[in-house]
Amino acid sequence: MDKNINITLKVWRQKGPKEKGAFETYQLKDVSQGSSFLEMLDILNETLVNEGKEPVVFDHDCREGICGMCSLYIDGHPHGPDTSVTTCQLHMRKFNDGATITIEPWRSAGFPVIRDLMVDRYAYDKIIQAGGFVSVNTGGVPDANAIPVPKKDADLAMDAAACIGCGACAAACKNGSAMLFVSAKVSQLALLPQGRIEAARRAKAMIAKMDELGFGNCTNTRACEAECPKDISISNIARLNREFIKAKLKD
Amino acid sequence: MTQINSKIPQGPLAEKWTNYKAHQKLVNPANKRRLDIIVVGTGLAGASAAASLAEMGFNVLNFCIQDSPRRAHSIAAQGGINAAKNYQNDGDSVYRLFYDTIKGGDYRAREANVYRLAEVSNSIIDQCVAQGVPFAREYGGLLDNRSFGGAQVSRTFYARGQTGQQLLLGAYSALSRQIGLNKVKMYTRHEMVDVVKIDGRARGIIAQNLITGKLERFSAHAVVLATGGYVNTFFLSTNAMASNVSASWQCYKKGAYFANPCMVQIHPTCIPVHGEFQSKLTLMSESLRNDGRIWVPKKKEDAEAIRAGKLKPTQIKEEDRDYYLERRYPAFGNLVPRDVASRAAKERCDAGFGVGAGQAVYLDFAEAINRLGKNVVEARYGNLFQMYEKIVDDNPYETPMMIYPALHYSMGGLWVDYELMTSVPGLFAIGEANFSDHGANRLGASALMQGLADGYFVLPYTIQNYLADQIQVPRFSTDLPEFGEAEKQVKERIDRLMSVRGKRSVDSIHKELGHIMWDHVGMARNAEGLKEAIEMLKKLKKEFWSNVRIPGKAGDLNVELGKALRLADFLEIGELMAHDAYDRAESCGGHFREEYQTPDGEALRRDDQYSYVSCWEYQGEDKEPVMNKEPLDYEFIVRQQRNYKN
Amino acid sequence: MWLLNSSVGKKLIMSISGVFLILFLLFHLSMNIAAVFSEEAYNLICSFLGSNWYAVAGTLVLAAGFVIHILYSILLTLQNRKARGNSRYAVNVRPKNVEWSSQNMFVLGLIVVCFLVLHFSQFWYKMMFAELIGHHTVVLGGATVSTQAGAEFIKYYFSQPLIVALYLVWYVALWFHLTHGFWSAIQTIGWSNALWLKRWQVISNIFATLVCLGFAFVTIAFFLKSL
């Protein structure tokens, strides 16, 4: 059963990208374990506002685990110690009474801190802009059922497409690699006949952009997969490697 | 009263859109390059419109408040998207989809708009498949369908429980392609705070950069709003935390009519509220009603025992369960439209049969698991079950889910004509931000359809009819006095807020607003309560402007200031909603007035007096707005009392 | 050139050079095992390899494999540290399913290389290298032995408990390095999927264990013989 707990928070506070940050410690009393982690931070912020202090800045939006806006590196895990959830779905029942919880921003060269726990993840959008699409314009496309797609492929594509672009993979990776994110998009589109046509071009363009933006090299530690809130598999990375090497050998 | 011209094309219903397209004015490719269009929002409507317009050759400036255009709240739609493909050979057609939507909306939507929506629905599915959206498929490789509330055919296409996400990522990928090609200039973490009019036409916006806090000016030949709905007025809703009405509201204040503000949808299957600190409500997809059965105990003493924690739902015998939707609506059963299902749940709970903390009913999969096996149920709803378990800490495979209605969608919105243009020339509204297609109640899986229809297939045509004579108009400088004036007004509003230095946090006032709205302007309304609400809202607005506390400073990243600016507008639209609900002395769809119900508790429409769209026109601060009526003439179908019983 | 410029290309170089070194390990192991059963056979191989220009060329290729593998490991590690950024997490937890070795490949590799230097100084420097600079005998623990009498070297070094212990530590580091390196190489080349990923990991573990046990077996066998 959920009960009320007292906790100590160590929260990273940082004024701006260039400024030096530090941990601040806060005590919270009587937090319901039924509340979500972000609701707990709401309570903290409400307290801070009432004391006339500036609230902790963090990204969040849908609060149902799908928009990918929330981040937070909690007690050594992106999206906290629970598995297969985003921070917004993490609940306080995962923490014990008297716990000290350390909250840090994503730390990766690709994701500079904007303020406190808020980071800039636009690099991921840039990778998609480089090739994470099927080049079709609106209109003039064939009937949806014109090309049958094997259910197995459609299901695998959907597994990969579940990626929410939150950045936990790069945040978890000791190499700051974005390979899981890139591979999920490349896999989704390579598995479907509609996306297959420009699969080679896509893999090359997205890898090139990823490298250009300074993300690290994948060393297959599997930390990304373990921390991914949507359980994206690193078998996608194998597929990406395959697609990329094949494409380059063909050239 | 102003005459409302909705510009509906002449001719038979099925030919209106074809005729319109055949005769509308177009802009030739060379001229498109010379025209700029601002699109605010990157949800299904915004992203699809921005991408399509850019593909055609227009220069697009696209804005979103999140850090990435992929995060707009369309992404949270779970269940599916409707289309009249009739792939299941179960008798579906464009007409039937049109008819179901009109009927589902309780005959308060425009025939011509809805017919057009049904007509383009099929193209949406084609488009999405071509983009690589991984819709669910049968073993034969063809697309799978499921059924949704308010329909007797299976016309809903889906991608597991993440259809909205997949459709949005499809539109986002198309948008990203155009950003990469430099045809769309993307401004993330920018919030529109005002629209700029020059000579009566919308020519730009003022947006706040949410990182620097600075106000920035942008000009264009036309402005498209795709900024979603306003149910966050209620504080607790299924909308994202940042979803807000401010962009629409500023347009309203600059002369755009606000239509049917009282029409909001309360979704029947959400996870119940668990405490005062709750920040938002989580929806459980309507698709669950395909296989889940909704019930409460038949005996009050059982319900009491459950609430006291002495009984478990699985201990209630079959004959002691009241499957009230199946009982009241045999023909549609658990798949009645949302407004009907929500009211029925409230009725049971108010009568003392609620479970959980009293404000909940069961959604039970025991029978489905017996019939289909756990594997099939898991394949269909696994991610939803997992989500439920993470939030509630109960295993829905073993014990029934608890659900309760919550605010979900606004059918009302900026008034638009057939071309999706508001009453301000050059200002368009698409998706949930407009009012046009869902009448008084939206059917499940229709929001995605409407958002994409507007963005991919309607606006890219109709906006050209407006822009065709603008090709000679040069780009506007943002140094024009109109921009300066608009920016000054926003600055003054911000300064006023910052100078209050009161005692209450923005959220505490927002929560109070939510309580007033839920209690008086919620699922069941009455004249007295609405009048009371208006008074309370006026008071709360005063409290807000005299006692809000915003730490930090303006001109900097300031989350609380952002929330305060939005709350200022929620307070005002709350009042307009109450006003509109008071004026509409009938029950229809999501708007239920207790004084107007049939003997068995169904909504009683009054077509003789209220068959119109209420179009509110702003008159100025502290002045009562004027209501203009757009009559709804049903040329092609006969209005009936909605019947989901037989 | 994509092999040199792209991240996946560089990783491919790492994995192919790694696979090449793994193949060499297998060859080396089979030689060693031969020594346990027949010292003459081993010496025969040694003399064949020591005096043969093809073998010298082979050694150069092998050395190139090592150098490439090492250089790229340094290059990639530096890049990865840069990509990680300047600020580090205060709390670090290794998630479940993440092998310790996978996150410490560089350190493990460094240990392997350090021992390799020891190993070279003991064997290769006194055998093939000595031969190349024209010596045919070297002094080993006071005795003069032929540079081609490999078995004598083995017997000499593996009779010393400290050296045996050091070699065993080396094999452990190698084991960790291989358990990750093997499947990781396959994954990088792209010959994997959800099913084969699990299989490759099991194969990696079995392979690394067999190889390291094999080397340990030879080492211990000679130590026991010397008693």
Side-chain angles (χ1 to χ4, degrees), chain A residues 2 32 34-35 38-39 42-43 46 49-50 52-55 57 59-69 84-85 89 91 93 114-115 120-122 124-125 128-130 132-139 141-145 148-151 154 157-158 161-162 165 188-189 192 194-195, chain B residues 51-52 55 66-71 73 75-76 85 87 123 125-127 129-132 134 136-143 159-160 162 165-166 169 173-174 176-177 179-180 188 211 240-242 274-275 277-280 282 386-387 390-391 393 456 460 505 507 549 551-552 557 559-560:
Chain A
D2 292 340
S32 163
S35 62
L38 295 185
E39 282 164 357
D42 289 344
I43 297 171
E46 179 85 13
V49 170
N50 286 338
K53 295 182 186 148
E54 286 204 35
V57 176
D59 267 325
H60 63 102
D61 198 19
C62 80
R63 295 212 177 184
E64 49 187 283
I66 194 76
C67 75
M69 185 98 174
S84 311
V85 293
Q89 288 176 302
H91 276 66
R93 63 178 75 92
I114 296 172
R115 178 172 297 181
D120 181 359
R121 287 170 287 189
Y122 199 65
Y124 269 16
D125 292 286
I128 297 288
Q129 287 155 19
F133 45 75
V134 178
S135 299
V136 290
N137 285 352
T138 305
V141 297
D143 184 85
N145 260 347
V149 180
K151 182 170 164 48
M158 182 61 220
Q188 177 206 338
L189 296 177
L192 298 169
Q194 289 81 7
Chain B
S52 303
E55 285 161 10
Q66 293 88 356
D67 68 335
S68 160
R70 67 182 291 152
R71 311 211 195 279
H73 199 53
I75 205 155
K85 283 282 195 186
Y87 283 158
S123 308
I125 305 301
D126 299 342
Q127 186 66 35
V129 167
Q131 286 170 344
R137 287 178 185 267
E138 308 267 16
Y139 280 104
L142 303 182
L143 292 163
R160 296 214 181 120
Q162 295 124 281
Q165 179 198 24
Q166 293 311 315
L169 293 182
S173 71
S176 294
R177 178 170 157 243
I179 298 172
T188 60
I211 297 299
M241 303 304 285
H274 62 82
F277 43 79
Q278 181 123 18
S279 59
K280 79 151 267 163
T282 303
Q386 185 227 18
M387 181 155 104
K390 291 284 182 192
I391 295 173
D393 208 20
Y456 283 134
S505 71
D507 279 355
R549 183 210 287 258
L557 191 163
V559 178
E560 291 295 309

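So that the names make sense, note that chain A is the first sequence line, chain B the second, and so on, each numbered from 1. All of these numbers come straight from a predicted model, not from anything done at the bench. Keep in mind that the numbers below use all heavy atoms, side chains included, and drop hydrogens, waters and symmetry copies.
Ranking A:Ala154, A:Gly68, A:Ala157, A:Gly65 against chain B, the residue ahead of the rest is A:Gly68, based on heavy-atom pairs under 4.5 Å. When each of B:Gln166, B:Glu560, B:His73, B:Gln131 is checked for heavy-atom pairs under 4.5 Å with chain A, B:Gln166 comes out on top. In terms of non-hydrogen atom pairs under 4.5 Å with chain A, the most contact-rich of B:Val559, B:Leu143, B:Ile125 is B:Leu143. For the options B:Gly180, B:Ala136, B:Pro551, heavy-atom pairs under 4.5 Å to chain A are most numerous at B:Pro551. When the candidates A:Val57, A:Asn50, A:Leu189, A:Ile43 are compared by the number of heavy-atom contacts under 4.5 Å with chain B, A:Asn50 comes out ahead. Contact count versus chain A (heavy atoms, under 4.5 Å) is highest, among B:Arg160, B:Gln66, B:Gln162, for B:Arg160. When each of B:Leu557, B:Asp507, B:Thr282 is checked for heavy-atom pairs under 4.5 Å with chain A, B:Leu557 comes out on top. Chosen from B:Arg71, B:Arg137, B:Gln127, the residue pairing most often with chain A at heavy-atom distances under 4.5 Å is B:Arg71. Contacts with chain B were tallied for A:Leu192, A:Asn145, A:Ile66; A:Asn145 has the most, counting heavy-atom pairs under 4.5 Å. Interface summary for chain B: among A:Gly34, A:Pro150, A:Ala130, the most heavy-atom pairs under 4.5 angstrom belong to A:Gly34. The residue among A:Met158, A:Arg115, A:Gln188, A:Gln89 with the most heavy atom pairs within less than 4.5 Å of chain B is A:Met158.
Annotation for B:Gly132 and A:Val134: closest pair N-CG2, 4.4 Å, computed over non-hydrogen atoms. Of all the heavy atoms in B:Ser173 and A:Phe133, the pair that sits closest is O-CB, 3.5 Å. In terms of heavy atoms, B:Leu169 sits closest to A:Ala161 at CD1-O, 4.0 Å. B:Ser505 approaches A:Val49 most closely through the heavy-atom pair CB-CG1, 4.0 Å. Closest approach of B:Gln165 to A:Ala162, counting heavy atoms only: NE2-O, 3.2 Å.
Annotation: the span from B:Met387 atom CE to A:Ser84 atom OG amounts to 14.0 Å, rounded to 0.5 Å. Atoms NE2 and OG, from B:His274 and A:Ser32 in turn, are 7.0 Å apart once rounded to the nearest 0.5 Å.
Side-chain contact between B:Ser68 and A:Tyr124: absent, with no pair of heavy atoms (C-beta onward) separated by less than 4.5 Å. Side-chain contact between A:Asn137 and B:Arg177 is present, with heavy atoms from C-beta onward closer than 4.5 Å. Contact of the A:Asp125 side chain with the B:Pro69 side chain is registered, since non-hydrogen atoms from C-beta on lie closer than 4.5 Å.
Contacts between B:Thr188 and chain A at a heavy-atom distance below 4.5 Å involve the side chain alone, from C-beta outward. Looking at B:Glu138, only its backbone comes within 4.5 Å of chain A, counting heavy atoms on both sides. Contacts of A:Val85 with chain B are made by side-chain atoms alone, with heavy-atom separations under 4.5 Å and no backbone atom involved.
Looking at B:Asp126, its side chain never comes within 3.5 Å of a backbone N or O of A:Val141 through a donor-acceptor pair.
When only modelled atom types and interatomic distance are considered, A:Asp143 and B:Tyr87 share a side-chain donor-acceptor pair under 3.5 Å. Side-chain atoms of A:Arg63 and B:Ser279 include a donor-acceptor pair closer than 3.5 Å.
Between B:Asp67 and A:Arg121 there is a salt bridge, with a side-chain nitrogen of the basic residue lying less than 4.0 Å from a carboxylate oxygen of the acidic one. Here B:Lys280 does not pair with A:Glu39 in a salt bridge; the nearest charged N to carboxylate O distance is not below 4.0 Å. At a threshold of 4.0 Å, the pair B:Asp393-A:Arg93 counts as salt-bridged, since one of the basic side-chain nitrogens sits closer than that to a carboxylate oxygen.
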